[in-house]
Every structure is written in structure tokens, then in C-alpha cells.
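Just follow the structure's listing: the first ligand is 1, and inside any ligand the first atom is 1.
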Amino acid sequence: MISTDIVEQLKMEETPLYYYDLSLLRETIACAKQAADRWGYHIHYAIKANNNPRILQEISQQGLGADCVSGLEIEHAIDQGFTAKNIVFAGVGKTDKEIRIALAQQILAFNVESLDELKVIGSLAEEMKTQARIALRINPNIDAQTHHYITTGLDENKFGIMMHELEDCLTWIRTHATVLTLVGLHFHVGSQITDWNVFKRLCLKVNEWNEWFVDRGITVPILNVGGGVGVNYTDPTSDPIVDFEAFFAIFNQFLTPKKGQEIHFELGRSLVATCGSLISRVLYIKNGVKKNFAILDAGMTELLRPALYQAYHKIECLTVRESQEQQSIYYDVVGPICESSDCFGKNVALPELTRGDLIAIRSAGAYGEVMSSRYNLRQPLNYYFKE
Ligand code: LLP
């Protein structure tokens with residue numbers, strides 16, 4: 001919750017703006033780190049969730065690694081304090097230029113998603129007279145029970161190496177050992193996973209694949225099980241930090257790594273979602289035929305998730321006056337963009353709003369700012385960082 005003295009300061013700021021609670025961020029990272037350390041697990045922060053430099057500096061300072069999906073993310077991560085030897089690089093469509101950046105930086109591992117990609121990485125490494133460390137991303141065909149747009153571990157998804165290509169990948173690595181070193185297996189089945197049985201099923205699949213490699217005489221040093229932990233969008237105030245202890249305990253219970261194998265995670269949303277809110281002003285109230293509309297100065301251009309995934313974000317009025325506390329009115333809370341999908345929430349119970357009221361759209365720290373656009377030539381974002 002945003003305190004009243006900060007609301008007073010926000011009243012003087014230009015909106016829309018991204019508000020980040022850095023102390024909550026620090027606490028979240030510390031909790032995750034402490035819980036991972038208990039089992040000797042390694043966390044790579046998935047930079048795609050939020051690449052704001054202030055956020056990255058806080059996370060790199062606590063010693064986490066980074067999970068990148070583009071050459072620019074790799075360079076940005078290093079600029080913000082992450083060390084190259086702690087960076088993994090995923091993505092089905094890495095360009096030659098991006099692969100060269102990663103090779104030059106000597107990153108920890110390429111999470112390789114196809115045989116074709118493996119061959120290109122090998123030939124570029126040869127050309128640069130260097131070696132590439134490879135983690136093979138395996139598609140385990142597990143249903144993450146989440147929105148279909150953010151499901152990645154099913155046969156029908158473009159991600160990971162399909163079973164029939166795996167043997168060929170292994171042969172290719174073996175026959176190109178001067179440039180390719182197999183350092184790990186990688187998995188990631190989806191995002192905003194709230195049914196933790198999914199992680200149990202993932203562990204069992206990882207065990208099977210680990211055995212498959214052991215049967216072929218290979219014990220890879222790293223098992224990277226990806227990210228995907230869901231956060232509580234409904235109640236971010238009373239449940240701001242994921243129970244990381246319980247989360248990692250699942251892996252401790254169900255994964256059976258071989259001696260010396262390291263377990264790595266790629267957490268994005270669960271580290272940054274709750275510390276961010278999109279702050280907006282009510283521009284107009286429109287009482288429609290069937291609906292009351294609260295029209296904000298923020299729209300799908302600042303936070304795309306509701307429009308793209310029908311995602312729920314808690315909407316709060318920050319400028320409630322005492323007389324309003326009792327009564328609620330139902331509003332469709334919408335933005336100014338020329339699309340009917342530009343709606344943050346339908347039938348949202350709020351105190352009676354008037355022009356100028358400040359609205360917080362909560363849990364916007366992950367996949368919020370990073371997915372913003374200049375559609376409609378919107379103005380650049382403003383920020384407020386709470387220490
Ligand atoms: N590792 C890989 C290979 C990934 O593809 C992702 C996310 C992560 C890790 C981090 O997952 P997380 O811990 O954040 O769930 N824009 C969507 C989410 C897309 C997730 C993409 N991959 C949203 O707003 O819900």
C-alpha cells in the first residue's frame with residue numbers, strides 16, 4: 001500500500017508514472033536469495049520482466065545472475081552490474097550478432113532451442129576462435145495450467161528442443177567438442193504458474209531427462225529449471241512476497257540431481273511484480289447507458305497485460321476522501337487509447353471518483369514498463385522510486 005505522505009508527493013507528479021517501492025524489491029530479492037541459498041540453488045533474474053536500470057542495480061547488488069533473451073539485454077545486464085559468467089541466454093531466434101555478443105562476453109550458457117541454432121553457435125564460436133557453453137533447452141511437454149499465451153512447455157509450443165532432435169544435438173556437440181561444451185539442461189514451462197503441482201511434475205520430468213543423459217555417459221553440471229512462479233495479483237498488500245521457502249522446498253523434495261550438479265532458476269515476475277504500480281489520474285467520468293466509465297490518463301500503452309492476457313490487476317483509488325469511504329460505485333476503468341481492449345478492469349468497485357483522483361494499478365512491476373509502447377505517440381514514461 002502506498003502511504004499517505006507519498007500520495008501527497010505523487011499528487012505533484014506528472015502522470016502516468018511507474019512507481020517502484022525499492023525497499024519491497026530489496027526485501028523480495030533477499031527472501032528469494034536466502035531461500036535459494038539454503039539448498040545451494042542459483043537464481044538468474046529474468047531481465048525481460050523489468051529492465052529498468054534502478055531495478056537491475058538493486059538485483060545485481062544482491063549477487064543474482066541474469067537470464068537474458070537478446071544481445072542488448074546481455075550488454076544492459078553487464079552495464080548494470082551483472083557478471084557475464086552468471087548470464088544465461090535463451091530464445092528461439094538468437095541472431096548471429098547476438099550470438100557473437102554472448103560469445104565475446106563468455107557467458108555462462110546459451111540455452112539452445114534447436115539443432116539449427118546449435119550448429120550456428122558452433123560455427124560462430126569457431127570463427128571467433130572461442131568456445132560456447134551449451135545448455136540444451138528441452139521441451140518437456142508439461143501443461144503449466146496458465147494462460148495459453150504464456151504456456152511454453154507443450155509439444156505445440158515453439159520452445160525447446162523436441163525429443164526427436166535431441167540425439168542429433170548430442171552427436172553434434174560430441175563431434176564439435178573443440179567449440180561446444182555441454183554444461184546443462186534447461187527447462188521452462190510457463191509463467192504465472194499458481195498450481196505448484198506443475199513444478200512437482202517438472203521435477204519428475206527433469207529427473208527422467210537427467211537419467212537419459214546419464215545413460216549416455218553424460219552428467220551435465222547444471223540443471224536449469226527456469227522460472228514461472230506466479231504472484232498474488234488479487235491481494236498484493238497482504239501477500240506481497242512469494243513463499244520462496246516453500247517453492248524451493250518442492251525442488252529439494254522432488255529433484256534428484258546427481259552428485260555435484262548445480263540447480264539454477266530463472267525468476268522474473270516473482271521478484272519484481274509487486275514492487276511496481278502504475279499511477280494514473282482520472283481524466284473524466286462518463287456515465288454511459290449501461291456502464292460508468294472512469295477514464296484514466298494511462299492506457300494499454302503503459303500496461304498491456306489486461307488487454308493482451310485479460311490479466312487482473314488490483315485497482316485502487318489513492319485519494320479517497322473521508323465522506324466517500326462507505327459507498328462504492330462500479331466503474332469500467334479504461335484508458336485513452338482508441339481500442340475497446342484498452343480497459344484495466346470491468347465493474348471495479350471504487351469510491352465515487354472525480355477528475356484528478358489518483359489511481360494505482362497494482363502489481364505492475366513485471367511485464368509492465370517493459371511492454372509499454374508509443375502507440376498513439378504516447379509520451380515517455382515518468383517514474384517515482386521510493387527508497
Ligand atoms: N525463463 C524463460 C526461458 C522465460 O521464457 C521466462 C518468461 C522466464 C524464465 C521468467 O518467467 P517468470 O518467472 O517471469 O514467470 N509477458 C507475460 C509473461 C511472459 C513470460 C515470458 N517468459 C506476462 O505479462 O504475463
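In this structure, Ile134 CD1 and Leu170 CG are separated by 12.0 Å, a value rounded to the nearest 0.5 Å.
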Would you be so kind as to tabulate the donor-acceptor pairs closer than 3.5 Å made by side chains of residues 71-90, with sequence neighbours excluded?
from, atom 1, to, atom 2, distance (Å)
Glu73, OE1, Val69, N, 2.8
His76, NE2, Asn51, O, 2.8
Gln80, OE1, Gln57, NE2, 2.7

Do any side-chain atoms of residues 289-301 form donor-acceptor pairs under 3.5 angstrom with protein atoms, and if so which ones, sequence neighbours left out?
from, atom 1, to, atom 2, distance (Å)
Lys291, NZ, Asp332, OD1, 3.4
Lys291, NZ, Asp332, OD2, 3.3
Asn292, ND2, Tyr330, O, 3.3
Asp297, OD1, Ser280, OG, 2.6
Asp297, OD1, Arg281, N, 2.9
Asp297, OD2, Thr15, OG1, 2.5
Thr301, OG1, Arg378, NE, 3.0

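A cation-pi geometry, defined here as NZ or CZ lying under 6.0 Å from the six-membered ring centre and within 45° of its normal, holds between Arg216 and Trp212.
Considering backbone and side-chain N/O atoms, Ser270 never comes within less than 3.5 Å of an N/O atom of ligand 1. In terms of N/O distances under 3.5 Å, ligand 1 is not approached by His186.
Contact annotation for Arg305 and ligand 1: only side-chain heavy atoms (C-beta onward) come within less than 4.0 Å of the ligand. Under 4.0 Å from ligand 1, the heavy atoms of His188 that appear belong solely to its side chain. Contacts between Ala46 and ligand 1, counted as non-hydrogen atom pairs separated by less than 4.0 Å, involve the side chain only. With a heavy-atom cut-off of 4.0 Å, Leu308 does not touch ligand 1 at all.
In this structure, Trp196 and Phe247 have perpendicular ring planes: the angle between them is above 60°, well past the 30° mark.
In the hydrophobic cluster analysis, where Ile, Leu, Val, Met, Phe, Trp and Tyr join through side-chain heavy atoms closer than 4.5 angstrom, Leu166 is grouped together with Phe187.
Selection from Lys48, Glu266, Met371, Arg137 by nearest heavy atom to atom 4 (C) of ligand 1 gives Lys48.
Remark: ligand 1 atoms within the under-4.0 Å shell around heavy atoms of Gly228 are 11 (O), 12 (P), 13 (O), 15 (O). Near Gly268, meaning under 4.0 Å from one of its heavy atoms, ligand 1 places the atoms 12 (P), 13 (O), 14 (O).
Residues Leu278 and Tyr18 have side chains in contact (heavy-atom distance under 4.5 Å, counting atoms from C-beta outward).
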